[in-house]
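Sequence lines set the chain letters: A, B, ... in the order given, protein chains first and strands last, and positions in each chain run from 1.
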Amino acid sequence: MSGVDQLRAELVRSARALGAPEGVAPVLERPRDPSHGDWATNLAMMLTKALGKKPAEIARELIAGMDLAAAGVSEAEIAGPGFINFRIDAGALASQLQRVLDQGDAYGDTQGGAGKPVVVEFVSANPTGPLHVGHGRQAALGDAISTMLSRTGWNVSREFYYNDAGVQIANLTLSTQARLRELAGDALEIPEGGYHGEYIVDIARKYATEHPADTRGDDLDAVRVHAVKALRQEQDLDLKTFGVQFDVYFLESSLYSDGQVERTVGALEKAGATFEEGDALWLRTTDYGDDKDRVMRKRDGTYTYFVPDVAYHVNKWGRGFTRAINVQGADHHSTVTRVRAGLQALGVGIPQGYPEYVLHQMVTVMKGGEEMKISKRAGSYVTVRDLIDEVGRDAVRYFLLMRKGDSQLVFDVDLARSQSEDNPVYYIQMAHARVSGIFRVGEIAMESVTGARVNWAVLDSLEERELVKTLLDWPRLLAGAAESTEPHRVANYLLETARLVHTWYHKHHVLGEPEPVMQARLALGKAARQVLKNGLTVLGITAPDRM
RNA sequence: GCGCCAGUAGCUCAGUUGGAUAGAGCGGGAGCCUUCUAAGCUCCAGGUCGGGGGUUCGAUUCCUCCCUGGCGCGCCA
C-alpha cells in the first residue's frame, strides 16, 4: 500500500467513526502551493451536510481521530475554508522511491486493462501519396495511445487499414498513366481528381524501366499494382523512420473479395434498416441520431465509403476486439455516426459507443514566421518525411504530442529545430542526460544503487520533496492519460518533471558529498532518470545518456 | 442554417475531471560558469480565463444563451 492509500484509509476510518456515510471516498490531492503541505483533502467540507457541523469543527475531529504516525504524517493543519493539509515525514515520503528502483522500466505500469483485447487503428492512409503532417499526428497519437494502453494492462493490437479499393486508386492509376505518356512525349493531362505530386513521376519512370513493353501504361492493371506497391513501400519507410510499427495491415479490398461487404449489406436489409429510393439503397441512420439517412449503394451499383467501414468493424468485433479505438482527423467526424449506426442496426450485440474515436484537429506548420504548405515531393502538402528531415524524429514526435488532440496544433519548425535553449524535447532529454552524467563521471555503476541502506530522511529539502512527490505521481498520471487516451498529459508531465530535475541538479550536488547524503541523492537521481526514461519511451522518444 | 472542436499572458498552449493567490515554454528585462553537461539555474514584467446569466460553501472547469475561429454537413473518401 502506498503512502497516499494509507492516509486515505486513516481518513476513512476517522470519518466513519464520526458518523460519515458508508462508502465515503475522500479526495486527496497535491496542492499547487508547497506551503499547503504534501497532501490536502476537502473531506471536511464534503461532510458538512451529512454531519450537520461546520467544516472547521469536522476537520478538527477528523484529525483527532486519525493515527497520523501510521500514515507517515508529521503535521496536519486546518486551512482556508476547511481544507486539511498534511505534511508527510521526509523519510516516509522518499522511501517510497524504493518502488521506482525495484520496478525499473516497469515502474508506472498498472493492470486496469486486465489483459482485455483492444485494437487501435491509426494512420490508415490511402496508398495514393506520401504521408502528410496529419498522418504524422495520427501516427504519434496512435502509437503513444497504444503504448499507454499496453502499459495499463490492455492487450493491444496496432492496425493499419489500407483503402486500396476505391475511386482514389483509380485516380492514382490514371495519374500514373498520364505521367507515363508525358515521359513518352505526350502533353501532360492529369485527370480530374488526379494526383499532381512529383512522386508520381518517379513511380512512372520506374514503371517504364520495369515494363519496357508498356511505356505508355496501356496495361492499367499492371500500372495500378505497380503504383500501389511503390506507395505502400514509401509509406512503410516513412513509418519506419518515424519508429512506428503495426501488428496488422488490413486491406479494404479483402472485405470485397471475402464477401464481407455483401454479407453486411444483406444483414442490414434483413434487419429492416434499409430502404430503396431513386435507384439507390439507403440506411436509416436517422434511427440512430443522424440528421438524415445515408446512401449505401449508389445508382451505379457501387457502395459508399462507410459501408465497407461498417463491414470492417463487424470484422474487428468478430476477431474478439470488444474494444476498438480509431485515431482520425476531425474532418472525418461525420463518419462516426454512420459507422456506429450501421453496427447498431445489425443488432448483433455491439455496444453503442463502438468503435471509440480519437479525433484530432488540423496541424499548421510554421517556418520562418510563415505557414509552410508545400512539399517538393508531394506538391500540395507537407509530408511527415519533410518534418523528420527538418527537425528529427524525437522533436517531431514530441511536438505532435504536446497538445491535446482536440486543439488545433501549430508546429513551429524553427523552435523544434533549435538545439540550443528553447526546445522542450531537448530540455527533457537533457535532464535525463545530466543525471546519467553523475553516474558516468562518478564511475558509479547504475545497478549498484538499489535503495538498500539508504537513509531516505536526508532528502528533506523543498526541491527534493517536490521532485519525490512528482516521481511518485507517475503511475497515477499514466493510468489517467491512458484512460482518457490523452498522451499530451505525459508530455506535460515530463516537462514538469524535467524542470524539477534541473532545479534539483543545480542546487544539490551529489558526488563528493558525505556518504549518507550522496547515497540518498544517487537513489533519487536514479529514480528520476528512470521516470524520465519511462515517460519518454511511452511517447516513442529516445532517452540519451549524453548529449 | 445544423453538428463537432476550440477561445486562458505579446505568441504557442497546460490547467490533476468543482478547490486555496490561474501555470509552463517562447518572446521582453536583470543576474549566475576554477565544483556531477550553461542544451542549465535564479529573479522581474505580463491576465476582465471570449461575453452575459445560472447551479453552490467555492466555477477557467458543470448548465444555458450569445460572439469569434477551425472542421464537417455529397449517390466524394
Item to check | Whole-Å distance separating the CZ atom of R434(A) from the P atom of U35(B) | outcome: 13 Å
Checklist entry - Is C33(B) syn or is it anti, if syn means the base angle is within 90 degrees of 0? => result syn
Checklist entry - Cation over ring, R232(A) on Y162(A), under 6.0 Å and within 45°? => result yes
Next on the checklist: I'd like to know if Y305(A) reaches the base of A77(B) with its side chain such that a donor and an acceptor end up less than 3.5 angstrom apart.
Outcome noted: yes
Checklist entry - Say you pick atom C1' in G69(B) and the same atom in A22(B); how far apart are they, in whole Å? => result 24 Å
Checklist entry - Counting only Watson-Crick or G-U wobble pairs whose two distances fall under 3.5 Å, which nucleotide matches G7(B)? => result C67(B)
Item to check | Nearest-angstrom distance, C1' atom, G1(B) to U61(B) | outcome: 30 Å
Checklist outcome for this item: Taken to the nearest whole Å, CE/M547(A) to P/A39(B) is 10 Å
Checklist outcome for this item: Regarding the side chain of V167(A), the nearest nucleotide among C75(B), G72(B), C76(B) is C76(B)
Checklist entry - C71(B) and U55(B): how far apart are their P atoms, nearest whole angstrom? => result 38 Å
Item to check | Syn or anti conformation of U21(B), syn meaning chi within 90° of 0 | outcome: anti
Next on the checklist: Using only atom types and a distance under 3.5 Å, with no angle test, would you say the side chain of H313(A) pairs donor to acceptor with the backbone of D309(A)?
Outcome noted: yes
Next on the checklist: Return a single string for nucleotides 5-18 of chain B, one symbol per nucleotide in 5' to 3' order, where B is base contact, S is sugar-phosphate-only contact and - is none, cutoff 4.0 angstrom on heavy atoms.
Outcome noted: SS-----BSSSBB-
Item to check | Nearest-angstrom distance, C1' atom, G28(B) to G10(B) | outcome: 9 Å
Checklist entry - I438(A) has a side chain; which of A20(B), C36(B), U37(B) sits nearest to it? => result C36(B)
Next on the checklist: Please classify the nucleic acid contact of A40(A) as base, sugar-phosphate, or nothing, using heavy-atom distances under 4.0 Å.
Outcome noted: base
Checklist entry - So, K316(A) versus N326(A): side-chain donor-acceptor pair below 3.5 Å or not? => result yes
Checklist entry - For the pair made of NE2 in H332(A) and P in A77(B), what is the distance, rounded to whole Å? => result 11 Å
Item to check | Residue matched to U35(B) through Watson-Crick or wobble contacts both under 3.5 angstrom | outcome: none
Checklist outcome for this item: Whichever of G437(A) and D331(A) has the more 5' nearest nucleotide on RNA chain B, that residue is G437(A)
Checklist entry - Going by the angle between their ring planes, with limits at 30° and 60°, are F250(A) and Y312(A) parallel, tilted or perpendicular? => result tilted
Checklist entry - Between A77(B) atom P and Y195(A) atom OH, what is the distance in whole Å? => result 11 Å
Next on the checklist: Categorize A280(A) for me: base, sugar-phosphate, or nothing, with a 4.0 angstrom heavy-atom threshold over every strand shown.
Outcome noted: base
Checklist entry - Does the base of A20(B) carry an N or O that pairs as donor and acceptor with the side chain of N85(A) under 3.5 Å? => result yes
Next on the checklist: Between the base of A20(B) and the ring of H36(A) - centre-to-centre under 5.5 Å, planes within under 30° - is that a stack?
Outcome noted: yes
Checklist entry - For F83(A) and A20(B), are the ring centres under 5.5 Å apart with planes inclined under 30°? => result yes
Next on the checklist: Do R521(A) and Y505(A) pair up side chain to side chain, a donor and an acceptor below 3.5 Å, judged on atom types alone?
Outcome noted: no
Checklist entry - Do any side-chain nitrogens or oxygens of K298(A) fall under 4.0 Å of OP1 or OP2 in C76(B)? => result yes
Checklist entry - If you look at every strand shown and take non-hydrogen atoms under 4.0 Å, does R546(A) touch a base, only sugar-phosphate, or nothing? => result base
Checklist entry - For R546(A) and S436(A), what are the C-alpha separation, side-chain angles and deciding distance, and is it a side-chain contact (heavy atoms from CB on, under 4.5 Å)? => result CA-CA 7 Å; R546(A) 62 198 311 167; S436(A) 300; over 6 Å; no
Checklist entry - For the pair made of CE in M45(A) and P in A59(B), what is the distance, rounded to whole Å? => result 13 Å
Checklist entry - Closer to the 5' end of RNA chain B via nearest nucleotide, is it T503(A) or D291(A)? => result T503(A)
Checklist entry - Expressed as a whole number of Å, how far does the P atom of G52(B) sit from that of U42(B)? => result 37 Å
Next on the checklist: Does G74(B) have its OP1 or OP2 closer than 4.0 Å to a side-chain nitrogen or oxygen of K292(A)?
Outcome noted: yes
Checklist entry - So what does F306(A) hit on the nucleic acid, given a heavy-atom distance under 4.0 Å: a base, only sugar-phosphate, or nothing? => result nothing
Checklist entry - Does the ring of H333(A) meet both stacking tests against the six-membered base ring of C71(B): centre distance under 5.5 Å and plane angle under 30°? => result no
Item to check | Polar side chain donor-acceptor pair, S461(A) to H508(A), under 3.5 angstrom | outcome: yes
Next on the checklist: When both hydrogen-bonding distances must be under 3.5 Å and the geometry is Watson-Crick or G-U wobble, what is C2(B) paired with, if anything?
Outcome noted: G72(B)
Next on the checklist: Can a side-chain donor-acceptor contact be found between W504(A) and E464(A) if the only test is distance below 3.5 angstrom?
Outcome noted: yes
Checklist entry - Going by atom types only, do T337(A) and D290(A) share a side-chain donor-acceptor pair under 3.5 Å? => result no
Checklist entry - To the nearest angstrom, how far is I428(A) atom CD1 from A24(B) atom P? => result 16 Å
Checklist entry - Is G278(A) touching bases, backbone alone, or none of the nucleic acid, heavy atoms closer than 4.0 Å? => result base
Next on the checklist: Counting the atoms with a prime plus P, OP1 and OP2 as sugar-phosphate, which does H508(A) contact under 4.0 Å by heavy atoms, base, sugar-phosphate, or nothing?
Outcome noted: base
Checklist entry - G27(B) P sits how many Å from N423(A) CG, rounded? => result 11 Å
Checklist entry - Taking OP1 and OP2 of U37(B), is either one under 4.0 Å from a side-chain nitrogen or oxygen of Y505(A)? => result yes
Checklist outcome for this item: Whole-Å distance, H506(A) NE2 to G31(B) C1', equals 12 Å
Next on the checklist: Categorize A79(A) for me: base, sugar-phosphate, or nothing, with a 4.0 angstrom heavy-atom threshold over every strand shown.
Outcome noted: base
Next on the checklist: Counting the atoms with a prime plus P, OP1 and OP2 as sugar-phosphate, which does H502(A) contact under 4.0 Å by heavy atoms, base, sugar-phosphate, or nothing?
Outcome noted: sugar-phosphate
Item to check | Base-pairing mate for G46(B) - Watson-Crick or G-U, with both contacts under 3.5 Å | outcome: none
Checklist entry - Does a side chain donor of either D406(A) or Q361(A) reach within less than 3.5 Å of an acceptor in the other side chain? => result no
